[in-house]
A.B. asks: 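The structure's right below; bear with me while I get my questions together.
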Number of protein chains: 2
Amino acid sequence: MVTIYDIAQKAGCSAMTVSRVINNTGRISEATRQRILAIMKEMNYVPNAMARSLVKQESRLLSLLIPDLTNPFYTSLARGAEDAARDLGYRLLLGNGDEDLAKEKEYIETVLSARVDGVLLTPTGDQSLAHLKKLAKQRIPFVLLDREVPGMGSDQILGDSREGTRMLTDHLVTLGHRRIAFLGGSRLVSTARLRLASFEETMAAHGLALPEGYLIEADYRMKEIDRQITALLAMPEPPTALLAANNFLALRAIRALRSLGKRVPDDLSVVCFDELEAGFVVDPFMTVAAQPSYDFGVMGIRMLVDRIQQKAPESWRKVVLPPVLHVRKSSGPPASL
Amino acid sequence: MVTIYDIAQKAGCSAMTVSRVINNTGRISEATRQRILAIMKEMNYVPNAMARSLVKQESRLLSLLIPDLTNPFYTSLARGAEDAARDLGYRLLLGNGDEDLAKEKEYIETVLSARVDGVLLTPTGDQSLAHLKKLAKQRIPFVLLDREVPGMGSDQILGDSREGTRMLTDHLVTLGHRRIAFLGGSRLVSTARLRLASFEETMAAHGLALPEGYLIEADYRMKEIDRQITALLAMPEPPTALLAANNFLALRAIRALRSLGKRVPDDLSVVCFDELEAGFVVDPFMTVAAQPSYDFGVMGIRMLVDRIQQKAPESWRKVVLPPVLHVRKSSGPPASL
DNA sequence: TAATTTGGAGTTACCGATAACTCATAAATA
DNA sequence: TATTTATGAGTTATCGGTAACTCCAAATTA
């Protein structure tokens with residue numbers, strides 16, 4: 001590939017002069033400038049970003065680490081992040097963590113090695129603390145998306161788990177449901193904890209009981225969920241509605257319900273946090289508390305770049321984006337009404 | 001950040017010795033090796049990939065350029081690409097081209113500057129030729145995904161547009177449709193051309209007529225499509241089914257139909273190429289000729305890396321992945337039956 | 001014992017750029 | 001006219017690694 005030295009030789013000047021033309025720095029006569037510009041074009045010169053990064057100690061590279069790109073929440077978040085990064089003159093490195101701490105660790109290593117200027121990530125869970133500490137120790141700025149990690153201060157873009165859960169619960173209660181079960185995620189994830197707490201709180205506020213067995217904590221093996229749903233429906237007083245703490249759980253639950261011959265919403269209403277489908281869907285099914293996922297990406301990148309360019313205040317910033325309730329087909333009045 | 005020189009100083013050896021430990025090259029005594037390893041861990045050393053790339057003339061970076069990450073076809077393709085890239089020890093730079101030649105051009109520049117080892121891309125269209133030539137001139141290996149570009153030989157992963165269109169057309173004919181309209185994309189995109197040709201061919205094979213106005217070429221402005229659909233339905237003999245050349249067009253068409261008060265499939269069946277929703281959807285609606293998009297990504301990356309590592313034959317390789325028909329709710333017998 | 005091989009390093013140059021400094025010449029000023 | 005200033009460059013060192021070469025001492029071989 002062509003380097004500034006090749007250009008310099010052809011132009012009969014030093015490499016530094018070429019560098020000055022490229023960067024528009026220093027003093028250069030208009031004649032020289034035009035001559036070098038012409039030679040650069042003629043030789044198809046493209047600056048080597050790595051060489052520049054090495055000396056500038058800045059890579060103009062950001063990293064986005066999310067659990068799963070195919071989850072519509074992250075799809076749209078990633079799109080927002082990429083758009084915002086390009087607008088600000090940064091490139092974006094993509095990684096899927098798969099809710100797997102080992103993969104996350106590996107990816108953090110990659111990211112450190114790539115000398116990215118900053119990282120935007122949804123941590124796997126509380127145990128991601130060690131990974132974040134690595135970033136912090138190397139002074140790589142990062143912004144946490146969606147999930148908090150206790151013990152780690154940082155810039156954050158969060159949803160409102162409390163409010164979203166309240167909206168979903170209220171919606172079910174308004175429809176007439178009294179027996180509502182909760183399908184939650186791992187207690188090692190901040191959003192799962194908050195959503196569970198808010199659910200309990202809201203149910204209590206409505207004076208509704210939470211029988212033993214109505215609170216399910218799912219792990220990530222589907223068979224577990226199948227069994228848990230089966231057990232739930234086998235109770236003497238089974239729920240008439242199910243609130244899932246995220247789209248992933250709702251999807252699994254509905255599959256389990258279907259395999260048990262239950263119809264949604266006729267036999268059981270199901271609602272959840274986060275969209276279950278991306279914008280391409282014609283006929284959305286799930287009633288959800290949707291989060292502005294594209295904005296998570298855009299604002300995350302902006303916050304990150306502000307931090308990198310030290311335009312941000314010293315203290316950590318925390319943005320909370322409100323959810324919106326979309327009432328669709330998966331929720332209806334309880335069958336008994 | 002810690003460099004090999006810092007490690008060398010602390011270990012009382014030369015930087016080269018440290019480099020040898022890192023890369024497991026050359027001869028090193030076990031004692032020295034362990035000492036250096038310990039110091040590296042103690043000082044949280046992380047190798048600088050950019051510095052290494054600079055001297056090795058290899059970045060271990062690949063680039064994925066797709067039109068739109070939020071399109072489920074590309075979402076899943078991107079996921080496949082990321083998984084495969086990581087498996088092979090490469091990082092992935094992500095870019096959305098938005099079917100916009102200017103954006104694509106910009107991105108090609110970025111990619112050249114980043115000195116990626118290879119590029120995986122869905123070209124915007126035939127006019128992408130100039131961009132591909134740039135890559136070729138700089139000897140950057142690339143693999144084309146989904147779309148061909150006339151005049152540019154290269155490795156390719158393609159779907160079977162001919163077969164997929166035939167399947168969709170046959171499906172509609174089998175349901176009893178005789179008046180089928182075609183909503184195609186820009187003739188500057190290879191897949192759009194192929195699908196149109198295959199549609200005409202298949203209709204002819206069934207002895208079915210294609211009245212004037214049944215073949216729509218859409219541009220990317222939605223208002224155009226609205227008007228085109230309106231005109232289509234205002235014909236003396238309007239179609240009973242619509243075959244859209246891709247998911248994007250089908251989505252637009254269905255929105256237009258709904259705003260005209262038409263129900264799908266009761267008033268009009270709609271089928272299309274490519275999934276309209278990603279895996280998270282509970283209740284898929286569209287009848288589609290689905291392409292194995294995840295495999296597009298995985299195989300594309302593998303083909304690319306083979307080429308980079310010169311494990312590939314000199315000649316261009318072309319893989320064609322077959323589509324699968326998923327019959328769902330958007331297609332049914334014509335209303336007149 | 002002398003010559004050769006081998007193990008375990010160190011030295012130097014270079015990858016492609018930029019920062020900081022230097023320097024000659026022409027123009028402006030005293 | 002002598003001195004200062006501005007213009008338009010060039011030189012050198014450096015970013016953090018690795019390739020290629022060198023080199024010495026111990027071990028092996030003739």
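Remember, it's a predicted structure, so these values are computed and weren't measured experimentally.
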A.B. asks: Name the nucleic acid region contacted by A:S53, choosing base, sugar-phosphate or nothing; use a 4.0 angstrom heavy-atom cut-off, strictly under.
C.D. replies: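 The residue A:S53 makes no contact with any strand.
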A.B. asks: Using the side-chain heavy atoms of B:Y45, tell me which of these nucleotides is nearest: D:dG17, D:dG16, C:dA9.
C.D. replies: D:dG17
A.B. asks: Pairs under 3.5 angstrom, nitrogen or oxygen only, protein versus nucleotides 18-22 of chain C, please.
C.D. replies:
from, atom 1, to, atom 2, distance (Å)
C:dT18, OP1, A:N23, OD1, 3.1
C:dT18, OP1, A:N23, ND2, 2.7
C:dT18, OP1, A:R52, NE, 3.2
C:dT18, OP1, A:R52, NH2, 3.4
C:dT18, OP2, A:S19, OG, 2.2
C:dT18, OP2, A:N23, ND2, 3.3

A.B. asks: Between B:E42 and B:K10, does at least one N-O distance fall below 4.0 Å, as a salt bridge requires?
C.D. replies: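 Salt bridge: yes.
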A.B. asks: With a 4.0 Å limit, can you tell me whether A:T32 has a side-chain N or O closer than that to the phosphate oxygens OP1/OP2 of D:dA9?
C.D. replies: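 Answer is yes, contact under 4.0 Å.
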A.B. asks: Rounded to whole Å, please give me the gap between CD in B:Q34 and P in C:dA9.
C.D. replies: 13 Å
A.B. asks: Distance check needed: C:dG8 C1' versus B:I36 CD1, whole Å only.
C.D. replies: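 Going from B:I36 (CD1) to C:dG8 (C1'), I get 11 Å.
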A.B. asks: How long is the line joining CG of A:N48 and C1' of D:dC15, in whole Å?
C.D. replies: 13 Å
A.B. asks: According to ring pair (Phe, Tyr, Trp, His ring centres under 6.0 Å), does anything in residues 52-83 of chain B pair up with another residue at least two apart or in another chain? List the pairs.
C.D. replies: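 For residues 52-83 of chain B: B:F73-B:F296.
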A.B. asks: Among C:dT11, C:dC15, C:dA17, which nucleotide sits nearest the side chain of B:S14?
C.D. replies: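 Nearest to the side chain of B:S14 among the choices is C:dT11.
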A.B. asks: Please state how far atom CG in B:L54 lies from atom C1' in D:dT14, giving the value in whole angstrom units.
C.D. replies: 12 Å
A.B. asks: Whole-Å distance between D:dT18 C1' and B:N24 CG?
C.D. replies: 15 Å
A.B. asks: Quick one: on DNA chain C, does B:R115 or B:S29 contact a more 5' nucleotide (nearest heavy atom)?
C.D. replies: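 Checking each residue's closest nucleotide, the 5'-ward one belongs to B:S29.
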A.B. asks: Map A:T17 and B:M1 onto DNA chain D by nearest heavy atom, then report which one ends up closer to the 5' terminus.
C.D. replies: A:T17
A.B. asks: Under the criterion side chain to side chain donor-acceptor pair (under 3.5 Å), I'd like the reasoning laid out for B:E104 against B:S128: C-alpha separation, chi angles, the key distance, then a yes or no.
C.D. replies: CA-CA 8 Å; B:E104 185 175 88; B:S128 298; 2.6 Å; yes
A.B. asks: Grab the CE-C1' distance between A:M50 and D:dG16 for me, whole Å please.
C.D. replies: 12 Å
A.B. asks: Once you round it to whole Å, what is the distance between P of C:dT5 and CZ of B:R27?
C.D. replies: 14 Å
A.B. asks: Say whether B:D83 and B:Y294, considering side chains only, have a donor N or O and an acceptor N or O under 3.5 Å apart.
C.D. replies: yes
A.B. asks: Between the side chains of A:R52 and A:E58, is the shortest nitrogen-to-carboxylate-oxygen separation below 4.0 Å, so that they form an ion pair?
C.D. replies: no
A.B. asks: In this structure, how many angstroms lie between the P atom of D:dT7 and the CD atom of A:E30, rounded?
C.D. replies: 14 Å
A.B. asks: Does a nitrogen or oxygen in the side chain of A:Q57 sit under 4.0 Å from OP1 or OP2 of D:dT14?
C.D. replies: no
A.B. asks: Charged N to carboxylate O under 4.0 angstrom, A:E99 versus A:R147?
C.D. replies: yes
A.B. asks: Answer with yes or no whether the side chains of B:N71 and A:R79 bring together a donor and an acceptor at under 3.5 Å.
C.D. replies: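 Looking only at side-chain atoms, B:N71 and A:R79 do not form any donor-acceptor pair under 3.5 Å.
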